[in-house]
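For reference, the structure is listed below as C-alpha coordinates.
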Amino acid sequence: MSTEEEKEAEKARKKAEKAKRAAEFAAKNPNGFTKPKEKLSKAERRAKQEAQRAAKANEADKSKSSSKNPKNPSSNVDIGSNNDPQASASRQVLSSSPQTLALPPPILNNSNGNSNRKQNTPPRKSSTSSNVPFSQPPSTLNAQSLFSHLSPPMKPPLTKTLSPPPQTSKSIHPSTVTLCNAYSRFSITGSNSRCIAMLECFKKIIGDYEPPKDKVMSMDLTRVLKENFKVITESRVHSISMGNAFTFLKNFVTKIKHNEETSVSKDNLLLAIDQFIEKTVQFASDVIAKEGSIKVKNGDVILTYGCSTSVKKLFAKALDQGKDFRVIVVDGRPELEGKKMLGYLQELGIHVTYVGYNSLSYVMKEVSLVLYGAAALLSNGSVVCRVGANGVTLVAGAYRKPVLVCCETYKFSKKVQIDAITHNELTPKPDEFKSSPCSDWVGVKYDVVGEGVAGIVTEFGIVPTTSVAVILREME
(Lines give C-alpha, C1' and ligand atoms only; values in the text may rest on other atoms or scores of the structure.)
Protein backbone atom coordinates (compact mmCIF):
# COMPACT_ATOMS: atom_id res chain seq x y z
CA MET A 1 0.00 0.00 0.00
CA SER A 2 1.36 3.38 -1.01
CA THR A 3 1.72 6.37 1.29
CA GLU A 4 -1.25 8.22 -0.27
CA GLU A 5 -3.53 5.23 0.23
CA GLU A 6 -2.49 5.02 3.87
CA LYS A 7 -3.32 8.71 4.40
CA GLU A 8 -6.75 8.25 2.79
CA ALA A 9 -7.46 5.24 5.03
CA GLU A 10 -6.42 7.20 8.15
CA LYS A 11 -8.73 10.09 7.17
CA ALA A 12 -11.64 7.70 6.63
CA ARG A 13 -11.04 6.08 10.03
CA LYS A 14 -10.97 9.45 11.83
CA LYS A 15 -14.11 10.55 10.01
CA ALA A 16 -15.93 7.35 11.09
CA GLU A 17 -14.88 7.87 14.72
CA LYS A 18 -16.09 11.47 14.62
CA ALA A 19 -19.45 10.38 13.25
CA LYS A 20 -19.72 7.72 15.95
CA ARG A 21 -19.02 10.25 18.73
CA ALA A 22 -21.59 12.62 17.24
CA ALA A 23 -24.22 9.86 17.20
CA GLU A 24 -23.50 9.01 20.85
CA PHE A 25 -23.76 12.66 21.88
CA ALA A 26 -27.06 13.03 19.99
CA ALA A 27 -28.46 9.96 21.75
CA LYS A 28 -27.54 11.42 25.15
CA ASN A 29 -28.82 14.90 24.31
CA PRO A 30 -31.99 14.56 22.22
CA ASN A 31 -32.75 18.29 22.54
CA GLY A 32 -29.47 19.25 21.01
CA PHE A 33 -26.84 21.44 22.56
CA THR A 34 -27.70 23.02 25.95
CA LYS A 35 -27.85 26.74 26.09
CA PRO A 36 -24.98 28.38 27.91
CA LYS A 37 -25.67 29.83 31.32
CA GLU A 38 -26.61 33.41 31.48
CA LYS A 39 -23.83 35.62 32.62
CA LEU A 40 -24.79 37.39 35.85
CA SER A 41 -23.04 40.21 37.58
CA LYS A 42 -21.58 39.79 41.04
CA ALA A 43 -24.46 41.63 42.70
CA GLU A 44 -27.05 39.53 40.83
CA ARG A 45 -25.34 36.26 41.85
CA ARG A 46 -25.25 37.40 45.47
CA ALA A 47 -28.95 38.34 45.45
CA LYS A 48 -29.85 34.99 43.90
CA GLN A 49 -27.85 33.06 46.55
CA GLU A 50 -29.45 35.03 49.40
CA ALA A 51 -32.92 34.35 48.02
CA GLN A 52 -32.17 30.61 47.83
CA ARG A 53 -30.88 30.59 51.40
CA ALA A 54 -33.91 32.47 52.68
CA ALA A 55 -36.22 29.99 50.92
CA LYS A 56 -34.40 27.04 52.49
CA ALA A 57 -34.64 28.64 55.93
CA ASN A 58 -38.40 29.17 55.53
CA GLU A 59 -38.87 25.55 54.42
CA ALA A 60 -36.94 24.35 57.46
CA ASP A 61 -39.10 26.51 59.76
CA LYS A 62 -42.28 25.12 58.24
CA SER A 63 -41.08 21.49 58.66
CA LYS A 64 -40.13 22.15 62.29
CA SER A 65 -43.42 23.86 63.11
CA SER A 66 -45.43 21.02 61.53
CA SER A 67 -43.73 18.44 63.81
CA LYS A 68 -43.87 20.33 67.12
CA ASN A 69 -43.15 18.31 70.28
CA PRO A 70 -45.40 19.39 73.19
CA LYS A 71 -42.80 18.07 75.70
CA ASN A 72 -40.13 20.39 74.37
CA PRO A 73 -40.36 23.70 76.31
CA SER A 74 -38.28 25.51 73.74
CA SER A 75 -41.11 25.29 71.17
CA ASN A 76 -43.18 27.85 73.12
CA VAL A 77 -40.47 30.50 73.13
CA ASP A 78 -41.05 33.46 70.81
CA ILE A 79 -37.73 34.62 69.43
CA GLY A 80 -38.81 36.67 66.41
CA SER A 81 -40.86 36.73 63.27
CA ASN A 82 -40.54 34.38 60.36
CA ASN A 83 -39.28 37.17 58.14
CA ASP A 84 -36.09 37.47 60.18
CA PRO A 85 -33.60 34.87 58.88
CA GLN A 86 -31.43 35.10 62.00
CA ALA A 87 -34.48 34.48 64.21
CA SER A 88 -35.41 31.52 62.03
CA ALA A 89 -31.93 30.09 62.55
CA SER A 90 -32.23 30.54 66.31
CA ARG A 91 -35.58 28.75 66.32
CA GLN A 92 -34.00 25.91 64.40
CA VAL A 93 -31.26 25.49 67.02
CA LEU A 94 -33.64 25.67 70.02
CA SER A 95 -36.16 23.28 68.53
CA SER A 96 -33.57 20.56 67.88
CA SER A 97 -33.37 17.66 70.33
CA PRO A 98 -30.70 17.84 73.06
CA GLN A 99 -29.06 14.65 71.84
CA THR A 100 -28.26 16.10 68.41
CA LEU A 101 -27.73 19.72 69.35
CA ALA A 102 -25.54 21.51 66.80
CA LEU A 103 -24.74 25.10 67.73
CA PRO A 104 -24.29 27.65 64.92
CA PRO A 105 -20.87 29.21 64.44
CA PRO A 106 -20.40 32.44 66.43
CA ILE A 107 -20.79 35.84 64.74
CA LEU A 108 -17.54 37.74 65.02
CA ASN A 109 -17.36 41.45 64.34
CA ASN A 110 -14.45 43.01 62.54
CA SER A 111 -12.93 46.40 63.20
CA ASN A 112 -15.64 48.18 61.21
CA GLY A 113 -18.40 46.65 63.31
CA ASN A 114 -19.66 44.51 60.41
CA SER A 115 -20.33 40.85 60.85
CA ASN A 116 -18.00 38.38 59.16
CA ARG A 117 -21.00 36.13 58.44
CA LYS A 118 -24.11 37.08 56.49
CA GLN A 119 -27.14 37.78 58.63
CA ASN A 120 -29.42 35.56 56.60
CA THR A 121 -27.12 32.54 56.57
CA PRO A 122 -28.76 29.58 58.34
CA PRO A 123 -26.78 27.62 60.92
CA ARG A 124 -24.42 25.07 59.48
CA LYS A 125 -25.23 21.50 60.51
CA SER A 126 -22.49 19.44 62.05
CA SER A 127 -21.45 16.35 60.11
CA THR A 128 -21.42 14.24 63.29
CA SER A 129 -24.43 15.70 65.07
CA SER A 130 -26.86 13.19 63.60
CA ASN A 131 -24.73 10.17 64.57
CA VAL A 132 -23.02 11.07 67.87
CA PRO A 133 -25.21 12.29 70.77
CA PHE A 134 -24.28 15.65 72.23
CA SER A 135 -24.11 14.29 75.78
CA GLN A 136 -21.83 11.33 74.91
CA PRO A 137 -18.14 12.04 75.68
CA PRO A 138 -15.44 10.95 73.24
CA SER A 139 -14.02 7.50 73.75
CA THR A 140 -10.90 7.48 75.94
CA LEU A 141 -8.41 4.87 77.03
CA ASN A 142 -9.21 3.31 80.39
CA ALA A 143 -6.79 1.65 82.77
CA GLN A 144 -7.69 -1.87 81.69
CA SER A 145 -6.97 -1.25 78.01
CA LEU A 146 -3.75 0.59 78.85
CA PHE A 147 -2.33 -2.39 80.79
CA SER A 148 -4.11 -5.18 78.91
CA HIS A 149 -0.78 -6.61 77.69
CA LEU A 150 0.30 -7.38 81.27
CA SER A 151 -0.71 -10.74 82.74
CA PRO A 152 -2.01 -10.80 86.32
CA PRO A 153 -0.43 -13.15 88.88
CA MET A 154 -1.89 -16.64 89.19
CA LYS A 155 -4.31 -17.41 91.99
CA PRO A 156 -3.14 -20.06 94.48
CA PRO A 157 -3.09 -23.00 94.77
CA LEU A 158 -1.03 -23.52 91.62
CA THR A 159 -0.86 -27.33 91.43
CA LYS A 160 -3.26 -27.41 88.47
CA THR A 161 -2.57 -24.08 86.75
CA LEU A 162 1.19 -24.44 86.27
CA SER A 163 2.56 -25.55 82.92
CA PRO A 164 3.71 -28.31 82.98
CA PRO A 165 1.79 -29.53 86.06
CA PRO A 166 4.12 -30.54 88.91
CA GLN A 167 2.54 -34.01 89.07
CA THR A 168 3.51 -34.84 85.46
CA SER A 169 7.04 -33.38 85.48
CA LYS A 170 9.82 -34.89 87.56
CA SER A 171 11.94 -31.75 87.13
CA ILE A 172 9.55 -29.50 89.10
CA HIS A 173 10.60 -29.60 92.74
CA PRO A 174 7.97 -29.38 95.52
CA SER A 175 9.76 -26.34 96.97
CA THR A 176 9.18 -24.57 93.65
CA VAL A 177 5.42 -25.01 93.98
CA THR A 178 5.57 -23.73 97.56
CA LEU A 179 7.54 -20.70 96.43
CA CYS A 180 5.10 -20.03 93.58
CA ASN A 181 2.16 -20.04 95.98
CA ALA A 182 3.98 -17.55 98.23
CA TYR A 183 4.80 -15.32 95.25
CA SER A 184 1.23 -15.35 93.93
CA ARG A 185 -0.14 -14.43 97.38
CA PHE A 186 2.36 -11.53 97.54
CA SER A 187 3.47 -12.79 100.95
CA ILE A 188 7.09 -12.25 99.84
CA THR A 189 7.66 -8.62 98.82
CA GLY A 190 10.79 -6.64 98.03
CA SER A 191 13.46 -7.33 95.43
CA ASN A 192 16.01 -8.62 97.94
CA SER A 193 13.52 -10.88 99.72
CA ARG A 194 12.21 -12.37 96.47
CA CYS A 195 15.74 -12.97 95.18
CA ILE A 196 16.89 -14.66 98.40
CA ALA A 197 13.75 -16.83 98.50
CA MET A 198 14.39 -17.97 94.92
CA LEU A 199 18.02 -18.82 95.63
CA GLU A 200 17.03 -20.78 98.75
CA CYS A 201 14.59 -22.74 96.58
CA PHE A 202 17.37 -23.50 94.08
CA LYS A 203 19.58 -24.72 96.95
CA LYS A 204 16.94 -27.34 97.78
CA ILE A 205 16.66 -28.32 94.12
CA ILE A 206 20.44 -28.75 93.81
CA GLY A 207 20.64 -30.65 97.10
CA ASP A 208 18.07 -33.23 95.92
CA TYR A 209 19.39 -33.42 92.36
CA GLU A 210 20.94 -36.62 91.07
CA PRO A 211 22.27 -36.52 87.49
CA PRO A 212 21.33 -39.34 85.10
CA LYS A 213 24.14 -41.70 84.16
CA ASP A 214 23.84 -41.03 80.43
CA LYS A 215 23.83 -37.21 80.70
CA VAL A 216 26.31 -34.48 81.54
CA MET A 217 25.60 -32.84 84.88
CA SER A 218 26.15 -29.26 83.73
CA MET A 219 23.73 -29.56 80.82
CA ASP A 220 21.05 -31.54 82.63
CA LEU A 221 21.13 -29.38 85.77
CA THR A 222 20.83 -26.25 83.61
CA ARG A 223 17.72 -27.74 82.04
CA VAL A 224 16.21 -28.54 85.45
CA LEU A 225 16.90 -25.05 86.78
CA LYS A 226 15.41 -23.45 83.67
CA GLU A 227 12.21 -25.47 83.98
CA ASN A 228 11.79 -24.51 87.62
CA PHE A 229 12.55 -20.86 86.88
CA LYS A 230 9.95 -20.89 84.10
CA VAL A 231 7.34 -22.17 86.55
CA ILE A 232 8.30 -19.42 89.01
CA THR A 233 7.89 -16.72 86.37
CA GLU A 234 4.50 -18.15 85.35
CA SER A 235 3.18 -17.70 88.87
CA ARG A 236 4.38 -14.10 89.00
CA VAL A 237 6.59 -11.91 86.85
CA HIS A 238 10.18 -12.14 88.06
CA SER A 239 12.04 -9.03 89.16
CA ILE A 240 15.28 -7.82 87.59
CA SER A 241 17.17 -8.88 90.71
CA MET A 242 15.84 -12.43 90.32
CA GLY A 243 16.79 -12.48 86.65
CA ASN A 244 20.36 -11.33 87.36
CA ALA A 245 20.74 -13.88 90.18
CA PHE A 246 19.49 -16.69 87.92
CA THR A 247 21.93 -15.63 85.21
CA PHE A 248 24.78 -15.82 87.74
CA LEU A 249 23.69 -19.31 88.77
CA LYS A 250 23.44 -20.56 85.17
CA ASN A 251 26.91 -19.27 84.35
CA PHE A 252 28.34 -21.03 87.38
CA VAL A 253 26.62 -24.32 86.48
CA THR A 254 28.06 -24.27 82.96
CA LYS A 255 31.58 -24.14 84.45
CA ILE A 256 31.19 -27.52 86.18
CA LYS A 257 33.89 -29.92 84.98
CA HIS A 258 32.88 -33.20 83.37
CA ASN A 259 35.25 -35.33 85.44
CA GLU A 260 34.28 -33.71 88.73
CA GLU A 261 32.38 -35.72 91.31
CA THR A 262 28.71 -34.94 91.76
CA SER A 263 28.99 -34.28 95.50
CA VAL A 264 31.87 -31.83 94.99
CA SER A 265 30.02 -29.98 92.25
CA LYS A 266 26.88 -29.69 94.37
CA ASP A 267 28.87 -28.41 97.34
CA ASN A 268 30.54 -25.78 95.15
CA LEU A 269 27.17 -24.66 93.82
CA LEU A 270 25.65 -24.38 97.28
CA LEU A 271 28.69 -22.44 98.48
CA ALA A 272 28.46 -20.07 95.48
CA ILE A 273 24.79 -19.37 96.23
CA ASP A 274 25.54 -18.67 99.90
CA GLN A 275 28.36 -16.30 98.95
CA PHE A 276 26.11 -14.51 96.48
CA ILE A 277 23.45 -13.98 99.16
CA GLU A 278 25.98 -12.92 101.78
CA LYS A 279 28.23 -10.64 99.73
CA THR A 280 26.17 -9.40 96.79
CA VAL A 281 22.90 -8.87 98.64
CA GLN A 282 23.32 -8.59 102.40
CA PHE A 283 26.82 -7.14 102.65
CA ALA A 284 26.08 -4.67 99.85
CA SER A 285 23.01 -3.51 101.75
CA ASP A 286 25.12 -2.95 104.87
CA VAL A 287 27.66 -0.89 102.93
CA ILE A 288 24.84 1.17 101.42
CA ALA A 289 23.54 1.89 104.91
CA LYS A 290 26.99 3.08 105.97
CA GLU A 291 27.45 5.27 102.87
CA GLY A 292 23.99 6.77 103.05
CA SER A 293 24.10 7.52 106.78
CA ILE A 294 26.82 10.09 106.07
CA LYS A 295 24.18 12.29 104.40
CA VAL A 296 21.99 12.28 107.53
CA LYS A 297 22.64 15.27 109.77
CA ASN A 298 21.37 16.24 113.20
CA GLY A 299 17.96 17.88 113.01
CA ASP A 300 17.20 16.55 109.52
CA VAL A 301 13.68 15.67 108.44
CA ILE A 302 13.92 12.70 106.06
CA LEU A 303 11.02 11.66 103.87
CA THR A 304 10.85 8.05 102.71
CA TYR A 305 8.36 6.20 100.54
CA GLY A 306 7.43 2.54 100.80
CA CYS A 307 9.58 0.02 102.66
CA SER A 308 13.12 -0.84 101.57
CA THR A 309 15.60 -3.12 103.34
CA SER A 310 18.54 -0.83 102.59
CA VAL A 311 16.68 2.24 103.85
CA LYS A 312 15.80 0.40 107.07
CA LYS A 313 19.44 -0.40 107.68
CA LEU A 314 20.41 3.19 106.84
CA PHE A 315 18.09 4.60 109.50
CA ALA A 316 19.36 2.08 112.06
CA LYS A 317 22.99 2.96 111.20
CA ALA A 318 22.34 6.70 111.54
CA LEU A 319 20.66 6.11 114.89
CA ASP A 320 23.64 4.06 116.12
CA GLN A 321 25.89 6.99 115.22
CA GLY A 322 23.96 9.13 117.71
CA LYS A 323 22.26 11.38 115.16
CA ASP A 324 18.98 13.06 116.01
CA PHE A 325 16.58 13.14 113.06
CA ARG A 326 12.94 12.71 112.23
CA VAL A 327 11.36 10.54 109.53
CA ILE A 328 8.19 11.13 107.52
CA VAL A 329 6.80 7.94 105.97
CA VAL A 330 4.62 8.57 102.91
CA ASP A 331 2.47 5.61 101.97
CA GLY A 332 0.24 4.78 99.04
CA ARG A 333 -1.67 1.98 97.41
CA PRO A 334 -1.87 -0.72 96.28
CA GLU A 335 0.28 -2.49 98.90
CA LEU A 336 0.65 0.17 101.64
CA GLU A 337 4.19 -0.97 102.43
CA GLY A 338 4.78 2.15 104.49
CA LYS A 339 3.03 0.49 107.43
CA LYS A 340 5.93 -1.98 107.69
CA MET A 341 8.42 0.89 107.70
CA LEU A 342 6.33 2.69 110.33
CA GLY A 343 6.39 -0.33 112.67
CA TYR A 344 10.13 -0.83 112.18
CA LEU A 345 10.99 2.80 112.97
CA GLN A 346 8.77 2.78 116.03
CA GLU A 347 10.64 -0.26 117.35
CA LEU A 348 13.92 1.63 116.91
CA GLY A 349 12.54 4.59 118.83
CA ILE A 350 12.82 7.08 115.96
CA HIS A 351 10.39 10.00 115.85
CA VAL A 352 8.25 9.11 112.84
CA THR A 353 5.23 10.66 111.11
CA TYR A 354 2.96 8.58 108.88
CA VAL A 355 1.00 10.38 106.13
CA GLY A 356 -0.92 9.39 103.03
CA TYR A 357 0.11 10.05 99.48
CA ASN A 358 -2.31 12.95 99.17
CA SER A 359 -0.42 14.84 101.92
CA LEU A 360 2.86 14.72 100.00
CA SER A 361 2.96 18.35 98.90
CA TYR A 362 1.91 19.53 102.37
CA VAL A 363 4.79 17.85 104.26
CA MET A 364 7.45 18.36 101.58
CA LYS A 365 8.12 21.96 102.63
CA GLU A 366 9.69 20.85 105.93
CA VAL A 367 11.73 17.99 104.46
CA SER A 368 15.51 18.23 104.15
CA LEU A 369 16.20 14.91 102.33
CA VAL A 370 14.14 12.39 100.33
CA LEU A 371 15.27 8.77 100.54
CA TYR A 372 13.74 5.57 99.13
CA GLY A 373 14.79 2.21 97.70
CA ALA A 374 14.84 0.94 94.13
CA ALA A 375 13.92 -2.36 92.53
CA ALA A 376 16.32 -1.90 89.61
CA LEU A 377 18.47 0.66 87.83
CA LEU A 378 18.52 0.67 84.04
CA SER A 379 21.38 1.52 81.71
CA ASN A 380 19.75 4.78 80.56
CA GLY A 381 19.65 6.05 84.15
CA SER A 382 15.98 5.30 84.80
CA VAL A 383 15.12 4.06 88.29
CA VAL A 384 12.54 1.28 88.64
CA CYS A 385 10.88 1.56 92.05
CA ARG A 386 7.52 1.23 93.76
CA VAL A 387 4.57 2.84 92.04
CA GLY A 388 4.16 6.42 93.21
CA ALA A 389 7.88 7.14 93.61
CA ASN A 390 7.87 9.22 90.43
CA GLY A 391 5.33 11.58 91.98
CA VAL A 392 7.43 11.84 95.14
CA THR A 393 10.47 12.75 93.03
CA LEU A 394 8.58 15.38 91.05
CA VAL A 395 7.19 17.05 94.17
CA ALA A 396 10.66 17.02 95.74
CA GLY A 397 12.06 18.66 92.63
CA ALA A 398 9.40 21.36 92.77
CA TYR A 399 10.45 22.16 96.37
CA ARG A 400 14.17 21.81 95.49
CA LYS A 401 14.76 18.89 97.85
CA PRO A 402 17.59 16.38 97.17
CA VAL A 403 16.55 12.82 96.32
CA LEU A 404 18.79 9.81 97.05
CA VAL A 405 17.95 6.26 95.95
CA CYS A 406 19.43 3.15 97.58
CA CYS A 407 20.19 0.33 95.15
CA GLU A 408 22.61 -2.60 95.12
CA THR A 409 24.68 -3.06 91.97
CA TYR A 410 23.37 -6.57 91.35
CA LYS A 411 20.07 -4.88 90.48
CA PHE A 412 21.68 -2.92 87.64
CA SER A 413 20.38 -3.94 84.21
CA LYS A 414 21.35 -3.34 80.61
CA LYS A 415 17.71 -2.81 79.69
CA VAL A 416 16.31 0.55 78.67
CA GLN A 417 12.88 1.75 79.74
CA ILE A 418 11.33 5.22 79.68
CA ASP A 419 7.82 4.47 80.96
CA ALA A 420 6.03 2.18 83.37
CA ILE A 421 3.49 0.89 80.85
CA THR A 422 5.47 -1.33 78.50
CA HIS A 423 6.99 -3.53 81.23
CA ASN A 424 5.36 -3.74 84.62
CA GLU A 425 3.63 -6.11 87.03
CA LEU A 426 -0.02 -6.19 88.05
CA THR A 427 -1.00 -6.51 91.69
CA PRO A 428 -4.13 -8.24 92.98
CA LYS A 429 -7.16 -6.21 94.00
CA PRO A 430 -7.06 -5.26 97.71
CA ASP A 431 -9.61 -6.84 100.03
CA GLU A 432 -11.37 -3.53 100.71
CA PHE A 433 -11.98 -3.09 96.97
CA LYS A 434 -13.17 -6.63 96.17
CA SER A 435 -16.75 -5.78 97.16
CA SER A 436 -16.63 -2.46 95.29
CA PRO A 437 -18.75 -2.16 92.12
CA CYS A 438 -15.75 -0.58 90.36
CA SER A 439 -14.73 -3.22 87.83
CA ASP A 440 -11.92 -1.34 86.04
CA TRP A 441 -9.58 -1.22 89.04
CA VAL A 442 -5.98 -1.86 87.95
CA GLY A 443 -2.98 -1.86 90.29
CA VAL A 444 0.59 -1.79 89.00
CA LYS A 445 3.67 -2.67 91.00
CA TYR A 446 6.46 -0.46 89.70
CA ASP A 447 7.11 3.10 88.60
CA VAL A 448 9.92 4.51 86.44
CA VAL A 449 11.75 7.67 87.54
CA GLY A 450 13.61 9.28 84.67
CA GLU A 451 14.85 12.57 86.13
CA GLY A 452 15.14 14.31 89.48
CA VAL A 453 17.39 11.82 91.31
CA ALA A 454 20.47 13.51 92.77
CA GLY A 455 22.43 10.30 93.35
CA ILE A 456 22.35 6.52 93.72
CA VAL A 457 23.70 5.09 96.98
CA THR A 458 25.53 1.85 96.09
CA GLU A 459 28.20 -0.32 97.76
CA PHE A 460 30.71 1.55 95.58
CA GLY A 461 29.63 4.92 96.94
CA ILE A 462 27.15 7.59 95.84
CA VAL A 463 27.16 7.82 92.04
CA PRO A 464 24.99 9.70 89.52
CA THR A 465 22.43 7.87 87.43
CA THR A 466 24.55 8.39 84.31
CA SER A 467 27.25 6.07 85.72
CA VAL A 468 25.17 2.91 85.43
CA ALA A 469 26.57 1.94 82.04
CA VAL A 470 30.14 2.45 83.29
CA ILE A 471 29.56 0.29 86.39
CA LEU A 472 27.99 -2.45 84.28
CA ARG A 473 31.00 -2.44 81.95
CA GLU A 474 33.43 -2.64 84.90
CA MET A 475 31.46 -5.48 86.51
CA GLU A 476 31.82 -7.56 83.35
Side-chain angles (χ1 to χ4, degrees), residues 188-196 241 277-332 335-357 359-360 362-375 377 383 385-386 388-389 392-393 395-396 399-411 449 453-463:
I188 302 177
T189 58
S191 298
N192 291 341
S193 301
R194 293 178 63 187
C195 179
I196 293 174
S241 60
I277 295 174
E278 181 181 355
K279 295 181 179 180
T280 309
V281 183
Q282 295 177 350
F283 180 73
S285 181
D286 295 336
V287 176
I288 288 174
K290 182 179 178 180
E291 293 288 339
S293 62
I294 301 175
K295 296 298 181 181
V296 180
K297 309 297 180 182
N298 286 324
D300 280 354
V301 179
I302 304 175
L303 185 144
T304 185
Y305 180 73
C307 184
S308 172
T309 306
S310 300
V311 177
K312 283 182 178 180
K313 293 182 178 181
L314 190 151
F315 288 145
K317 188 69 175 179
L319 187 64
D320 292 340
Q321 295 173 357
K323 297 180 180 179
D324 184 19
F325 59 94
R326 185 164 65 93
V327 179
I328 298 177
V329 178
V330 180
D331 203 2
E335 295 181 274
L336 297 175
E337 291 181 322
K339 293 181 179 180
K340 299 179 182 179
M341 177 65 77
L342 174 64
Y344 178 79
L345 296 178
Q346 285 179 336
E347 292 178 359
L348 293 178
I350 299 176
H351 184 196
V352 58
T353 304
Y354 180 85
V355 298
Y357 197 82
S359 303
L360 180 60
Y362 178 76
V363 300
M364 186 63 73
K365 59 182 112 176
E366 56 179 323
V367 172
S368 54
L369 177 65
V370 178
L371 193 66
Y372 57 83
L377 200 60
V383 181
C385 42
R386 289 162 181 80
V392 175
T393 307
V395 175
Y399 283 88
R400 298 185 180 275
K401 307 295 182 180
V403 179
L404 293 179
V405 178
C406 299
C407 184
E408 297 85 351
T409 53
Y410 87 97
K411 297 180 183 177
V449 181
V453 178
I456 307 296
V457 186
T458 67
E459 60 266 33
F460 298 135
I462 301 177
V463 298

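If you read the sequence from its start, that first residue is 1, and numbering goes on from there.
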#### Entry: F315 side chain near V296 side chain, heavy-atom distance below 4.5 Å
no

### Query
Would you say K290 has more than 12 foreign heavy atoms packed within less than 6.0 Å of its NZ?
no

### Task
Looking only at non-hydrogen atoms, find the nearest pair between L377 and C407 and report the distance.
CB-SG, 4.2 Å

## Note on the structure
In terms of heavy-atom contacts, V405 and G373 come closest through CG1-C, 4.2 Å

### Message
Checking the side chain of K401 only, and the main-chain atoms of V370 only, is there a donor and an acceptor separated by less than 3.5 Å?
### Response
no

#### Entry: Greater than 12 external heavy atoms within 6.0 Å of K313's NZ
yes

#### Entry: Y354 versus D331, side-chain donor and acceptor atoms under 3.5 Å
yes

### Task
Using a cut-off of 6.0 Å, state whether more than 12 heavy atoms not belonging to K295 lie near its atom NZ.
no

### Query
Side chains of E335 and T189: do they bring a donor and an acceptor to under 3.5 Å?
no

### Query
Is a side-chain N or O of S285 found less than 3.5 angstrom from the main chain of V281, in a donor-acceptor match?
no

### Message
I need the minimum non-hydrogen distance between Y357 and G388, along with the two atoms involved.
### Response
OH-O, 2.7 Å

### Query
Taking the side chain from N298 and the backbone from D324, do they hold a donor-acceptor pair closer than 3.5 Å?
yes

### Query
What is the distance from atom CD1 of I456 to atom CD1 of I288, rounded to the nearest 0.5 Å?
10.0 Å

### Task
Determine yes or no for a side-chain-to-main-chain donor-acceptor pair under 3.5 angstrom, with K279 supplying the side chain and A284 the backbone.
no

### Summary
The side-chain contact (heavy atoms from CB on, under 4.5 Å) partners of K297 (sequence neighbours excluded) come to D300

### Task
Answer whether the closest heavy-atom distance between the side chains of Y305 and L371 falls below 4.5 Å.
no

#### Entry: Heavy-atom side-chain contact between V392 and V395 under 4.5 Å
no

### Minimum heavy-atom distance between G292 and V457, given as atom pair plus value
N-CG1, 3.8 Å

### Message
For a 4.5 angstrom cut-off between non-hydrogen side-chain atoms, does S308 reach Y372?
### Response
no

### Query
For S368 and F325, what are the C-alpha separation, side-chain angles and deciding distance, and is it a side chain to side chain contact (heavy atoms under 4.5 Å, CB included)?
CA-CA 10 Å; S368 54; F325 59 94; over 6 Å; no

### Task
Without swapping roles, check the side chain of K312 against the backbone of M341 for a donor-acceptor pair under 3.5 Å.
no

#### Entry: L345 side chain near V329 side chain, heavy-atom distance below 4.5 Å
yes

### Query
What heavy-atom pair brings G356 and V330 nearest, and what distance separates the two atoms?
O-CG1, 3.9 Å

### Side-chain donor-acceptor contact under 3.5 Å, T409 with T458
no

#### Entry: Donor-acceptor contact present, side-chain S193 to main-chain G190, <3.5 Å
no

### Message
Within this structure, what is the CD1-NZ distance for the pair I294 and K323, rounded to the nearest 0.5 Å?
### Response
7.5 Å

### Query
Nearest 0.5 Å, what's the CG-CD distance between L342 and E337?
13.5 Å

### K317 vs E291, salt bridge (charged side-chain N to carboxylate O under 4.0 Å, His left out): CA-CA, chis, key distance, verdict
CA-CA 10 Å; K317 188 69 175 179; E291 293 288 339; over 6 Å; no

### Residue pair I328 / V355, side-chain heavy-atom distance below 4.5 Å
yes

#### Entry: Check against side chain to side chain contact (heavy atoms under 4.5 Å, CB included), L303 and L360
CA-CA 10 Å; L303 185 144; L360 180 60; 4.1 Å; yes

## Note on the structure
In terms of heavy-atom contacts, C406 and S310 come closest through CB-CB, 3.9 Å

#### Entry: N/O donor-acceptor pair under 3.5 Å between K340 side chain and G306 backbone
no

### Query
Taking atom types as modelled and ignoring hydrogens, do the side chains of E408 and T280 form a donor-acceptor contact shorter than 3.5 angstrom?
no

### Query
For the side chain of R386 and the backbone of A375, is there at least one donor-acceptor N/O pair under 3.5 Å apart?
no

### Message
As an exercise, state the distance from OG1 of T304 to CG of L369, rounded to the nearest 0.5 Å.
### Response
9.5 Å

### Message
Between Q282 and I277, is there a side-chain heavy-atom distance shorter than 4.5 Å?
### Response
yes

### Query
With side chains defined as the heavy atoms from C-beta onward, is the minimum distance between V367 and Y399 less than 4.5 Å?
no

